[in-house]
2 protein chains.
Amino acid sequence: MAKGEQTRSRLLDAFEDLVIEHGERAGTLAATADEAGVSKGGLLYHFGSKDALVQGLAERLEVFAAEEERRLSSLPDVLEVFLRESVAANQPFDRTYLALLKLGQLDEHHAAREALARLDDHFLAALTQALGDPDLALLVLRVSDGIYVRTALGGSDALPADSVDRLLALLATLPR
Amino acid sequence: MAKGEQTRSRLLDAFEDLVIEHGERAGTLAATADEAGVSKGGLLYHFGSKDALVQGLAERLEVFAAEEERRLSSLPDVLEVFLRESVAANQPFDRTYLALLKLGQLDEHHAAREALARLDDHFLAALTQALGDPDLALLVLRVSDGIYVRTALGGSDALPADSVDRLLALLATLPR
DNA sequence: GTCTATACTGAGATAGAC
DNA sequence: GTCTATCTCAGTATAGAC
């Protein structure tokens, strides 16, 4: 990886971390640059504005999502994996998703909302195909979003360890 | 209602509207005061700080939630009503919930997150009793949250009109 | 490719008049 | 109980050195 690419990636990581850990207000240019070990000017060389930073995350989501989808399509129990990872929320994909979910709440971060909407469409199609039922697919997506928000809101204790197991057991009783 | 109470309520309405319609960044003291037809100084007489404004919404949620719960407990199909109203998102309760959901994404709005957590506990207990199954109750709550976030993100077209019907039909097939 | 210095803006909040 | 004026601070962004 070229040095420039590396710095860009470090900056996105830093931004992501700050937003997830301390909310979007904490993801200032100064704090992000600091966390990534560059100066504000350094950051602005790579991402010309705050908006470009969000756009960077949005693009990262697309890349991760493509990998994720490839991985999911080769697995036997898609539903299981999909929901279980909504709760882990610590895989690269989950972190990017979570950060964008928070950013998307603010009007100005249009790029975040667009990326999330595209991903939703995409996963809806993929899950529909994998599960054989568009309604079940939609249900799973909404539950997954519900879990992500609670994670975004509450930290870890929002989700008792076995609750996903129980939700999965319940969903397994649904017709396929 | 005393005049002071009326102004307070108007200010909360204004704040809520701004946050829902244009994100938390738009809910500035100036804009809120303006929308409510008072000056910044006027607002700060009623709510001594931004935090107090959020706290005000949190308290409003508790009031609405109590009414909501009383209403729900007297209905035959709780699940139906509960989910259908997650999508309407335009009843007073829904608007307050939605605004706090957005505010809660920001670290500094601790009061918003606390109110949402309390409400979640509360509704989990109530739904568990009404539906006779804690897992189903949890599932419904998470789906509901999922619907709220998408509403928060996407506006209206995020939810095809009949999608809630289909989700309900699916959930109805689950054991009670 | 990265840094320092600095301009500009808008937010929250205080003081005190009416 | 509400208004105007003003202070302070932090955030984005620019310019230009290295």
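Just so we're clear, the structure is a prediction, and the values are computed from it rather than from any experiment. We name chains A, B, ... by the order of the sequence lines, and we start the count at 1 in each one.
We find that NZ of Lys50(A) is positioned 15 Å from P of dA10(D), with the value rounded to whole Å. For the pair Asp34(B) CG and dA11(C) P, the interatomic distance rounds to 12 Å; values are reported in whole Å. One atom, OH of Tyr45(B), and another, C1' of dG16(C), lie 16 Å apart when rounded to the nearest Å. Taking atom NZ on Lys40(A) and atom C1' on dC3(C), their separation rounds to 12 Å, with Å as the unit. Separating the NE2 atom of His109(A) from the C1' atom of dG11(D) is a distance of 12 Å, rounded to the nearest angstrom. For Leu53(B) and dA11(C), the CG to C1' distance is 14 Å, given to the nearest whole Å. Between Glu24(A) atom CD and dA11(C) atom C1' there is a gap of 14 Å when expressed in whole angstrom units. At whole-Å resolution of the value, CZ in Phe47(A) and P in dG1(C) are 14 Å apart.
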Could you check Phe47(B) against Phe15(B) for ring-ring contact (aromatic ring centres under 6.0 Å, His included), going step by step and ending with a plain yes or no?
CA-CA 12 Å; Phe47(B) 298 96; Phe15(B) 185 50; 8.7 Å; no
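When each of Leu43(A) and Leu29(B) is assigned the nucleotide of DNA chain C bearing its nearest heavy atom, the one mapping closer to the 5' terminus is Leu43(A).
Under the 4.0 Å criterion applied to side-chain N and carboxylate O atoms, Arg142(B) and Asp120(B) are assigned as salt-bridge partners. A salt bridge does not link Asp107(A) to Arg25(B): none of the charged side-chain nitrogens sits closer than 4.0 Å to a carboxylate oxygen.
Residue Thr28(A) is in sugar-phosphate contact alone, with no base atom involved, counting any heavy-atom pair closer than 4.0 Å across all strands shown. Among the protein residues, Leu44(B) comes within range of the nucleic acid bases, having at least one heavy atom under 4.0 Å from a base atom.
In the set dC3(D), dG12(C), dT2(C), dC3(D) carries the atom at the smallest distance from any side-chain atom of Ser39(B).
In this structure, Phe64(B) has its ring center no closer than 6.0 Å to that of Tyr97(B).
Residue Ser49(A) places no side-chain N or O under 4.0 Å from the OP1 or OP2 atom of dT12(D).
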